[in-house]
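To keep things clear, I will list the structure first and then write my remarks on it.
Residue numbers start from 1 in every chain, and the chains themselves are labelled A, B, ... in the order their sequence lines are given, proteins ahead of strands.
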Protein chains: 2
Amino acid sequence: MAAKQRAASNPESGVLSQHKVISLETLRVACKNCSLSSLCLPMGLSPEDTERLDDIVRHARPLHRNDFLFRAGDRFRSLYVVKTGALKSFAPCPEGGEQVLGFHLPGEIIGLDAIDKELHVCSAKVLETSAICEIPFARLAELTATIPSLQHQMFRLLSKEIGHDTEMLLLLGKKSAEERLAVFLLSLSQRLQKRGLSASDFYLSMSRHEIGNYLGLAVETVSRIFTRFQEDGLMCVDRKHIQLLNLPALEALIGSTGQNRRQQQQ
Amino acid sequence: MAAKQRAASNPESGVLSQHKVISLETLRVACKNCSLSSLCLPMGLSPEDTERLDDIVRHARPLHRNDFLFRAGDRFRSLYVVKTGALKSFAPCPEGGEQVLGFHLPGEIIGLDAIDKELHVCSAKVLETSAICEIPFARLAELTATIPSLQHQMFRLLSKEIGHDTEMLLLLGKKSAEERLAVFLLSLSQRLQKRGLSASDFYLSMSRHEIGNYLGLAVETVSRIFTRFQEDGLMCVDRKHIQLLNLPALEALIGSTGQNRRQQQQ
DNA sequence: CGTTCCTTTGACTGCACTCAACTTCAGTGG
DNA sequence: CCACTGAAGTTGAGTGCAGTCAAAGGAACG
């Protein structure tokens, strides 16, 4: 296999670690883009409306590894947009333990599931030092009531989240361990690429444990399949450092294997 | 085990079969309640606003078994509220076959996942003769823009759907086959009870195949576990006719078995 | 009344889990 | 600097839950 190469940067800092300390003004400008990308860009808000939206966004100081953005049971007040870094959200299981619900990369929104009960039903924990924008929901709701295209954008955002969960249901209900890992890696790859980063060379900010929990697999299974993928020349793994060497082969693994775990319906 | 007792009504008609042919006026009045229960009741819309909402609701003629409400790929125009009957929604798998995403009983809304792309990504098929209200989304969006509490109600509705999907993720990721079936039965039970029907005696409108597909299990596993539950005195099964004989025991099965399939995290 | 679908049951198999040992690495303090 | 400690990851051996294959009995439907 190709020689494992150590990264110059600190492996611990993980995905997107190149964004380190950022001046407040930089963050402010960047965050304008950030709310833009999630809420405005797709619908093309007018500059004035974008300004109004940006005015209600709060820019919190950076959070660090293992900090909680919020905990299950907390009162819901705001949505959050990841500017840099990475988080995981997870729900406590009745019997103890937890179910990882998702990993959140820059540009992605957290907290949509809490609108219903005005209560956070899951917790959000920081995986690596992160900058996060806060959008007070009450003020956002005022804005959406006066900006129809923003309202529509919010509907779309919520609907998109449902669509994403749907894909996960299919993944957990019908796919083999190999397929789940392949989907996971490609999802990360695509989301990073969307942010202008390498689609084939990145750091994982989450542990094998968390990956396994997220995908409904045991840690050992994750480890074994990473090893197998490496043996097959699909990727190169060095601790948290991942290099995808054969994207087309990974994509082929997802759909056309014909080796699904569970039978088809009807 | 207890003698299997035949039901007087036609088993094929399934859940809620007692609602048969309904006069147009009855349906109209009923549907007012229907949109009320899903959209208005929890927020307490004013009578005038409720009237405005009811005005845009269309009352389609009843659909019959195997009819499609919409198909994956159809242009998205409306949300639908089940008045009577039952439907399933399912997504096509890349390799052929399908993933059942949910079963929809009276009072429940269908189509929220299509708002994002303005395209239905899943299909909805009628399981038993059903009356369904159509809510044109464009007109609904106009209304929500002028009625803040309705807007908030829509946000809540979408958020609730995300929360429901989250529960399903936990179910598929961490629960054993027995637990999945228990959750499924109790979910049906509670939803029927909410509509004023028996929580312990009902008909399934879906096949074992569809249940298994929904829960990520093989048909044979569903059948076997139904048999086992019956042997244990938890329920009485006669084809589609279900009687839950020991609700507390079923509930106990869900959380406290300590026999989960996959290990806990961290 | 034949065809087809649905359901159930049995026998067998295999994927992924569990248990366990070992290695590596990070952090801590002597 | 190095031993100690604990967390994280890897690997191997064994096992069990649920899937697959197969067959047969019923129900539904034309």
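- A straight line from CD of B/Gln230 to C1' of C/dT8 spans 12 Å, rounded to a whole angstrom.
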Contact list (N/O, under 3.5 angstrom) for nucleotides 21-25 of chain D vs protein:
| from | atom 1 | to | atom 2 | distance (Å) |
| --- | --- | --- | --- | --- |
| D/dC21 | N4 | B/Glu220 | OE2 | 3.1 |

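- Shown here are the side chain to side chain donor-acceptor pair (under 3.5 Å) partners of A/Ser187, two or more places apart in sequence or in another chain: A/Arg191.
- Using a 4.5 Å cut-off on side-chain heavy atoms (C-beta onward), A/Leu215 and A/Val183 make no contact.
- In this structure, A/Asn213 places its CG atom 15 Å from C1' of C/dC17, rounding to the nearest Å.
- One atom, NE2 of A/His241, and another, P of D/dA8, lie 21 Å apart when rounded to the nearest Å.
- In this structure, B/Leu217 atom CG and C/dT7 atom C1' are separated by 16 Å, rounded to whole Å.
- OP1 or OP2 of C/dC15 has not a single side-chain nitrogen or oxygen of A/Ser176 nearer than 4.0 Å.
- By the 4.5 Å heavy-atom criterion applied to side chains, A/Val121 and A/Asp113 are counted as neighbours.
- Of the possible donor and acceptor atoms, one in the side chain of B/Ser198 sits under 3.5 Å from a partner among the backbone N and O of B/Ser200.
- Rounded to an integer number of Å, the gap from B/Arg208 CZ to D/dG26 P is 16 Å.
- The closest donor-acceptor contact from the side chain of B/Arg180 to the backbone of B/Lys175 lies under 3.5 Å.
- The C1' atoms of five pairs define one axis at each end of the helix from C/dC1-D/dG30 to C/dG30-D/dC1, and these two axes lie 40° apart (to 10°).
- Taking the six-membered ring where the residue is Trp, A/Phe103 and A/Tyr214 present perpendicular rings, their angle passing 60° and hence far from 30°.
- Taking the side chain of B/Thr221 as heavy atoms from C-beta on, and the options D/dT10, D/dG19, C/dC6, the nearest nucleotide is D/dG19.
- Using a 3.5 Å distance cut-off with no hydrogens or angles, the side chains of A/Asp201 and A/His241 do pair a donor with an acceptor.
- When rounded to the nearest whole Å, the span between CG of A/Asp238 and C1' of C/dT23 equals 15 Å.
- In this structure the side chain of B/Val82 reaches within 4.5 angstrom of the side chain of B/Leu87, judged on heavy atoms.
- Look at CG on A/Asn66: it is 12 Å from P on C/dG27, rounded to the nearest Å.
- At whole-Å resolution of the value, CD1 in A/Ile225 and P in D/dT10 are 12 Å apart.
- In summary, the side chains of B/Glu179 and B/Ser176 do present a donor paired with an acceptor at a separation below 3.5 Å, with no hydrogens or angles considered.
- B/Lys240 has a side-chain polar atom (N or O) that falls below the 4.0 Å cut-off from OP1 or OP2 of C/dT7.
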